[in-house]
There are 2 protein chains.
Amino acid sequence: MDVKTVCLGMLTDGPASGYDLKKNFESTFGHFFAAGYGSIYPALSSLSKQGFVSCEQIAQEGKPDRKVYQITEEGRQFLLKALENTSPCHKIRSEFLATMCFAHLMQGEAIEAVLDYRLEEIAKYREMFRQLEAESMSDWEEGEKFVLGFGKAIATAMEKYITENRHLLTEEPVAKTAAV
Amino acid sequence: MDVKTVCLGMLTDGPASGYDLKKNFESTFGHFFAAGYGSIYPALSSLSKQGFVSCEQIAQEGKPDRKVYQITEEGRQFLLKALENTSPCHKIRSEFLATMCFAHLMQGEAIEAVLDYRLEEIAKYREMFRQLEAESMSDWEEGEKFVLGFGKAIATAMEKYITENRHLLTEEPVAKTAAV
DNA sequence: GACTTTATATATCAAATTGATATTATACAT
DNA sequence: ATGTATAATATCAATTTGATATATAAAGTC
């Protein structure tokens, strides 16, 4: 599943512009499947060329025309086929974990700073989840609720693990010859 | 932190060829920071041009020359500077979660298949962690142990969440007008 | 004995993606 | 006044992905 397919999926919820989709990516989707303008706009032109979306151009004063995309029947069929893939991947790209693998080359303070930063980021996620639940959860599909819960569960597990195990990285190791 | 920096970090463990580094990415690193030949080889040539690694070319019969790279003092300095970044990111790209967001467009059986596949993948991870611990953990740096533990904790949390919440996606929702 | 897969080793390339930047106008703060 | 946020598009170099090409030996399978 690429950015094109995800955009198509978002359009099943109603017509939207590239700008609208970007907001979608920023608020919720982006936390497990990121995309920027650099991939959204090319995705929409490509979908348009393939006939999977139609585009209505709306003139505006002072701003560029608003291009509102709508999924077509062919687009819907393509999406349903794409969703039949029973082995979608789940990948992590973590500069955080890569950095921690090299902790032995770092100063204790730098390690602490990295861990603190990660905990802050996790706290931000949790706050975001909390707000989403309070504000707009009533009209969500079950799938979206499942995904939000998944995010919460992982965030909790990460926070717990880091808090309980950070001492492994920052305490001075016992000298290996101590027992001799 | 890009592939170049991670390769440099791996070379602090001793000289290695691109092929060797790829094996490293496959066995452990790849599970949180993937890289293929298409990024490893260009990374090594680039590091070589910058003087961060030196290269010894070893002739072999029947096979291409083996190019063994070694980190230089300048490379080590560059790496240490890169590790001073106190806000390394941790990103997820999950076709799995994206698919689940569109579960309402899917057949119940397809949803089950996707969830089962994910659970199988997690089981594979856990088995890999188990093997790594049994085989080669004694000579690991603390950082590597921390990262392995992190992986295990997340895998456990994902498995638990999916098992306990999959019914949300596959059970028929109660009709919304039932209470009327 | 024939055949297939795995391991050794490099390299390249099109396509996708990232992250930043450009453009232009309104509106709201400081 | 000056900066920042919002609305809206678009482009681009650099990076990364995933696949493919090349060539040989060893090991496993039928």
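Naming: A, B, ... by sequence-line order, numbering from 1 per chain. Computation of the quantities below employed the complete heavy-atom set of this structure, encompassing side-chain atoms and omitting hydrogens, waters and symmetry-equivalent molecules. Please read all numbers here as calculations on a predicted model, not as lab measurements.
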Discussion item. Whether A:R126 and A:E159 form a salt bridge (side-chain N of Lys/Arg under 4.0 Å from carboxylate O of Asp/Glu) is what I want to check.
Written reply: yes

Discussion item. Among residues 83-96 of chain A, which ones have heavy-atom contacts with DNA chain C below 4.0 Å?
Written reply: none

Fill in: Residue pairs passing the salt bridge (charged side-chain N to carboxylate O under 4.0 Å, His left out) test where at least one lies in residues 29-41 of chain B, sequence neighbours excluded
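Residue pairs with at least one partner in residues 29-41 of chain B: there are none.
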
Item to complete: Scan residues 74-98 of chain A for pairs that pass salt bridge (charged side-chain N to carboxylate O under 4.0 Å, His left out), counting only residues two or more places apart or in two chains.
Response: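 Output for this query lists A:K81-A:E84.
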
Could you check how far [atom1] of [X] sits from [atom2] of [N], rounded to whole Å?
X     : N      : atom1 : atom2 : result
B:M1  : D:dT15 : CE    : P     : 16 Å
A:L21 : D:dA7  : CG    : P     : 14 Å
A:K23 : D:dA5  : NZ    : P     : 16 Å
B:K22 : D:dT16 : NZ    : C1'   : 14 Å
B:E26 : C:dA9  : CD    : P     : 14 Å
B:L44 : C:dA9  : CG    : P     : 15 Å

Worksheet entry | Residues from residues 49-56 of chain B lying under 4.0 Å of DNA chain D - heavy atoms |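 Within this stretch, nothing sits under 4.0 Å of the strand.
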
With 3.5 Å as the limit, what N/O pairs link the protein to nucleotides 10-13 of chain C?
unit_1, atom_1, unit_2, atom_2, d
C:dT10, OP1, B:K67, N, 3.0
C:dT10, OP1, B:K67, O, 3.4
C:dT10, OP2, B:Y19, N, 2.8
C:dT10, OP2, B:Y41, OH, 2.8
C:dT10, O5', B:Y41, OH, 3.3
C:dA11, OP1, B:K67, NZ, 2.4

Output side-chain donor-acceptor pairs under 3.5 Å for residues 32-45 of chain B, partner residues at least two apart or in another chain, one line each.
unit_1, atom_1, unit_2, atom_2, d
B:S39, OG, B:G36, N, 3.4
B:S39, OG, B:G36, O, 3.2
B:S45, OG, B:Y41, O, 2.9

Practice prompt. Using atom types as modelled and distance alone, determine if a side-chain donor or acceptor of A:R166 lies under 3.5 Å from a backbone N or O of A:Y161.
Written response: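 Side chain of A:R166 to backbone of A:Y161, a donor-acceptor pair under 3.5 Å: no, none is there.
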
Test salt bridge (charged side-chain N to carboxylate O under 4.0 Å, His left out) applied to [X] - qualifying residues, sequence neighbours left out:
X      : result
A:K4   : none
B:E127 : B:R130
A:E120 : none
B:E133 : B:K152

Item to complete: Would you please name every residue forming a ring-ring contact (aromatic ring centres under 6.0 Å, His included) with B:F129, sequence neighbours left out?
Response: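 Result, ring-ring contact (aromatic ring centres under 6.0 Å, His included) vs B:F129: none returned.
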
Practice prompt. Among residues two or more places apart or on two chains, list those pairs meeting ring pair (Phe, Tyr, Trp, His ring centres under 6.0 Å) that have a residue in residues 108-127 of chain A.
Written response: A:H31-A:Y125

